[in-house]
*Asks:* 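First the structure, then my questions, so here it is.
All values reported here derive from a predicted model rather than from experimental measurement. Chain A is the first sequence line, chain B the second, and so forth, proteins listed ahead of strands; every chain is numbered from 1.
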Protein chains: 2
Amino acid sequence: MNAVRSNDPARQERLRALNLELVFRHVLAAEAPVSRTELAAATGLTRPTITRIVEELIAGRLVTETGATPDGRAGRPRMGLTVCRSGPAGLGLDIRTDGLAACVVDLSGTVRHLAFAPFTDTEAPAVLEHLGRMATEAADAAAAEGLTVVTATLAVPGPTDDGIVRTAPSLGWRDVNAGALLAEHLRHLDVHTDVDNEANLAARGELHRDTPDHFLYVSGGLDIGAGIILDRRLMRGSHGWGGELGHLTVDPDGKPCRCGSRGCLQTYASLAAILHGETLPDGLTADAALLTWADAGRPETIAALDTAATALGVAIANVLNLLDIDTVLLGGSFALLSSWLIAGVEAELAQRVLSARWAPITVRPATLGPDAAAIGAAMAVIDRIRRDPTEWLASGR
Amino acid sequence: MNAVRSNDPARQERLRALNLELVFRHVLAAEAPVSRTELAAATGLTRPTITRIVEELIAGRLVTETGATPDGRAGRPRMGLTVCRSGPAGLGLDIRTDGLAACVVDLSGTVRHLAFAPFTDTEAPAVLEHLGRMATEAADAAAAEGLTVVTATLAVPGPTDDGIVRTAPSLGWRDVNAGALLAEHLRHLDVHTDVDNEANLAARGELHRDTPDHFLYVSGGLDIGAGIILDRRLMRGSHGWGGELGHLTVDPDGKPCRCGSRGCLQTYASLAAILHGETLPDGLTADAALLTWADAGRPETIAALDTAATALGVAIANVLNLLDIDTVLLGGSFALLSSWLIAGVEAELAQRVLSARWAPITVRPATLGPDAAAIGAAMAVIDRIRRDPTEWLASGR
DNA sequence: TAATTTTTTTCATGGCTTGACATAACCTGG
DNA sequence: CCAGGTTATGTCAAGCCATGAAAAAAATTA
């Protein structure tokens, strides 16, 4: 693939940046430390070029030498190179249903800091002020390990548009400029702030070495959302409001939905819909209560989960027919309840997805749990530096 | 956008290729002839570099000089440069419901040759042999105008996978290796052959200067398909089987569909569904008959069109909620019937699309008519040469 | 016809990768 | 324990490409 889309003229320095990026991508993708010579063979560049580029990457704290590693063979031992664990880092913030989360991830994708705090207040200014404090603590914790936070990404439960939260029903927010407010609170950190949908970011979090190139991440909770990964990239639609799976129509004459439509998936498969108005036992979250009830064989709960699974299957089948994806990850509360959902979802998919005959479909629970969105948000740093390592190097931090 | 994804090392020659591509893209995008100096200003490259690149583009018949154009001002008049109309061309082939079409498009996107022939036989070998003959005629016609056909793209009514037509119900095809058969018949032409879904290619055909960056193209006919354009690029999913709009579920308990599922859009809005088993008047195609009947006020037809429009609206709303697109083009038979469909579709969209409150949705008929797929298929040459003009230049044709 | 203006081409300069060569560091065998 | 072999990494002149300045070309204007 030689696809290059740039509207800037290519000068000599661009060549250098291109190759630096190429080498860095190889270091990122490598599972074990690689030597300069291996990089030369893998990239097709010559050793001298690799030497020069690696020097630059080390100076910029993107890569470190792990020391000479004699491997028993004759000759000078290879000098291992890995992604630096004390260079730039990403900060992820998440507004969950139960509280706030902050997370720091380094370039290797390792979670280096993770904090959670229950809500004190769900009004936008208070939440963002609280997030600002958590962000500062996280950045300090990161700094103590030699990391420099360069990106801060906020996950919110609703569609966003250039930092503005259009609507977040679970919070009662509407047209809140979370991006600007957050940037205000993080002014002293000098980071690039961004706001995105929780499902998008959780999907990003689930994208790693072991996940396929294309998958659909479904986030279950009070609201249902989805993140679509195509070709290892997040699909975000024209404005970034994509993935509104919760408002796909399952039955055009179904129950009215809060959104003004009828028969949205939401009305069958959100936690509220599955709970069906039943009161929660003390100290249990909705998903935990449902799991307990279902495991105990409570018929109403099992029936509700079955209805939810069928509706989910219908909606997901639509996505799969449209986008030709063959892996589905059930995340959020759906991950916890997956043993009660997967069979029902799979049954609908087998019937409704046209390509299921040729390409088997995999449905499995997501792995990151409730921190998925915060982790995925923090991983923005990897995308950013991977896309343009030169930007970081030029910043000289 | 500086996104560069290349796994090849960047040598000096790549710099040259990158800039050549940049300049060529500017010439392609320009509405009127541009001078070398204008190109220098627009691209940010220097005049000497432009001169050298233009020389190469002219030698490779990608660009031509339109002659000095004195504009009344003092000074040496600018030498106009435009996309060459006698360089590489694309061949598009389409298997329509009523017959076969062949089309040649030059780099400016102008249709230079268009031919149609009714079916003599719908068996795969016969069809591809016939297409081979039409392709040869088209290539000869192109050669007579100085054009060289470099790509041949076949549009088929069904999902394809690496040249193989998985299923084309309207033709009764199943797992037909159309790509290999076509390549066989076109061996003497030395072209790059490709096979894709009719809806995808028609969407590509509708993508031009006046269409927005993101839109959904819906193709109505015996089958219903869709092409999704995001960021001026065709979205094709993981294997390229995306866009199966016809099999999106509109009502999970609806009528059984040929595909084995229930309540597919197909069962409400395909031409067969709208016709409802009524016999066609002699000499009229199904869509023309429906239009005549509807315009004459025939209540059954109007009711069927109304049902179809509602179902279409539900399915399209799903796509829009998922992908955040705000323009819908009704193509194929739906273009002809659009005056009877748009209102119904729009009503459903207004109710069901979450972002409709913030971003108005446009639904309008497609403009290219029945030749859309053949034209879009022929336009593959533009994508190919635009992506990598150096490949063509290196071929030395 | 000469001066002016704008476009296009020519030429020396500097950056980047390359290929050949030099150096460093480890293993094997006498 | 040391010489020779082997592998990894660093150094240097050469070639390619874009740049900036200056020259040449082609029109208008006086």
*Asks:* Is there a salt bridge (charged side-chain N to carboxylate O under 4.0 Å, His left out) between A:Asp8 and A:Arg14 once you walk through the steps?
*Replies:* CA-CA 10 Å; A:Asp8 298 319; A:Arg14 185 148 172 69; over 6 Å; no
*Asks:* Starting the side chain at C-beta, find the nucleotide from D:dT9, D:dA18, C:dC26 nearest to A:Pro77.
*Replies:*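 Between D:dT9, D:dA18, C:dC26, the one nearest the side chain of A:Pro77 would be C:dC26.
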*Asks:* Closest nucleotide of DNA chain D for B:Thr46 versus for A:Thr51: which of these residues is on the 5' side?
*Replies:*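 It is A:Thr51 whose nearest nucleotide is closer to the 5' end.
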*Asks:* Could you tell me how far apart B:Glu13 (CD) and C:dT18 (P) are, to the nearest whole angstrom?
*Replies:* 10 Å
*Asks:* Round to the nearest Å and state the distance from A:Glu55 atom CD to C:dC16 atom P.
*Replies:*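 Distance check: A:Glu55 CD to C:dC16 P gives 13 Å.
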*Asks:* Atom CG of A:Leu18 to atom P of D:dA18: distance rounded to whole Å?
*Replies:*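 To the nearest whole Å, that distance equals 14 Å.
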*Asks:* Just compare C:dT8, D:dT9, C:dT17 and give me whichever is closest to any side-chain atom of B:Ser35.
*Replies:*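 It is C:dT8.
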*Asks:* Distance check needed: C:dT18 P versus B:Asp8 CG, whole Å only.
*Replies:*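 These atoms are roughly 12 Å apart.
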*Asks:* B:Glu65 CD to C:dT9 C1': how many Å, rounded?
*Replies:* 13 Å
*Asks:* Measure from CD on A:Glu56 to C1' on D:dG10 and round the result to the nearest Å.
*Replies:*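 In whole Å, D:dG10 C1' lies 16 Å from A:Glu56 CD.
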*Asks:* Please state how far atom CZ in B:Arg16 lies from atom C1' in C:dC16, giving the value in whole angstrom units.
*Replies:*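 Checked: the CZ to C1' distance equals 16 Å.
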*Asks:* With a 4.0 Å limit, can you tell me whether B:Thr37 has a side-chain N or O closer than that to the phosphate oxygens OP1/OP2 of C:dT6?
*Replies:*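 Answer is no, no contact under 4.0 Å.
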*Asks:* Under 4.5 Å between any side-chain heavy atoms of A:Arg236 and A:Asn200, yes or no?
*Replies:* yes
*Asks:* Distance alone, cut at 3.5 Å: any donor-acceptor contact between the side chains of B:His239 and B:Asp161?
*Replies:*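 Distance-only check fails for B:His239 and B:Asp161.
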*Asks:* Would you indicate, yes or no, if C:dT9 has its OP1 or OP2 atom less than 4.0 angstrom from a side-chain nitrogen or oxygen of B:Arg36?
*Replies:* yes
*Asks:* Quick check: on DNA chain C, is the nucleotide nearest A:Ala68 upstream (toward 5') of the one nearest A:Arg47, or the reverse? Name the residue that is more 5'.
*Replies:*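 Looking at DNA chain C, the more 5' nearest nucleotide goes with A:Arg47.
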*Asks:* Picking from D:dT9, C:dC16, D:dC17, which would you name as closest to the side chain of B:Leu15?
*Replies:*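 So the nucleotide nearest the side chain must be D:dC17.
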*Asks:* Should A:Thr49 be listed as having a side-chain N or O under 4.0 Å from OP1 or OP2 of C:dT18?
*Replies:*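 A:Thr49 to C:dT18 OP1/OP2: side-chain N or O found under 4.0 Å.
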*Asks:* On DNA chain D, compare the nucleotides closest to B:Arg52 and A:Gly80; which residue's is nearer the 5' end?
*Replies:*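 Checking each residue's closest nucleotide, the 5'-ward one belongs to A:Gly80.
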*Asks:* Establish, with yes or no, whether the OP1 or OP2 oxygen of D:dA18 is under 4.0 angstrom from a side-chain nitrogen or oxygen of B:Asn19.
*Replies:* yes
*Asks:* Select one nucleotide: of C:dG19, C:dT17, D:dT19, the one nearest the side-chain heavy atoms of A:Pro48.
*Replies:* C:dG19
*Asks:* Examine the base of D:dC16 for any acceptor or donor lying under 3.5 Å from a partner atom in the side chain of B:Gln12, and report the outcome as yes or no.
*Replies:*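 Counting by modelled atom types and ignoring angles, a donor-acceptor contact under 3.5 Å is found here.
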*Asks:* Should A:Arg11 be listed as having a side-chain N or O under 4.0 Å from OP1 or OP2 of D:dA18?
*Replies:*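 Checking D:dA18 against A:Arg11, no side-chain N or O comes under 4.0 Å of OP1 or OP2.
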*Asks:* Could you check how far CG of A:Leu81 sits from C1' of D:dT9, rounded to whole Å?
*Replies:*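 In whole Å, D:dT9 C1' and A:Leu81 CG are 11 Å from each other.
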*Asks:* What nucleotide among C:dT23, D:dA18, C:dT17 has an atom nearest to a side-chain atom of A:Arg76?
*Replies:*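 The answer is C:dT23.
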*Asks:* Going by distance alone, is a donor N or O of one side chain under 3.5 Å from an acceptor N or O of the other, for A:Thr110 and A:Ser108?
*Replies:* yes
*Asks:* A:Thr153 and A:Ala380: which non-hydrogen atoms are nearest, and at how many Å?
*Replies:* OG1-CB, 3.3 Å
*Asks:* Checking B:Arg61 against B:Thr148: is there a side-chain donor and acceptor pair closer than 3.5 Å?
*Replies:*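 Looking only at side-chain atoms, B:Arg61 and B:Thr148 do form a donor-acceptor pair, the distance falling under 3.5 Å.
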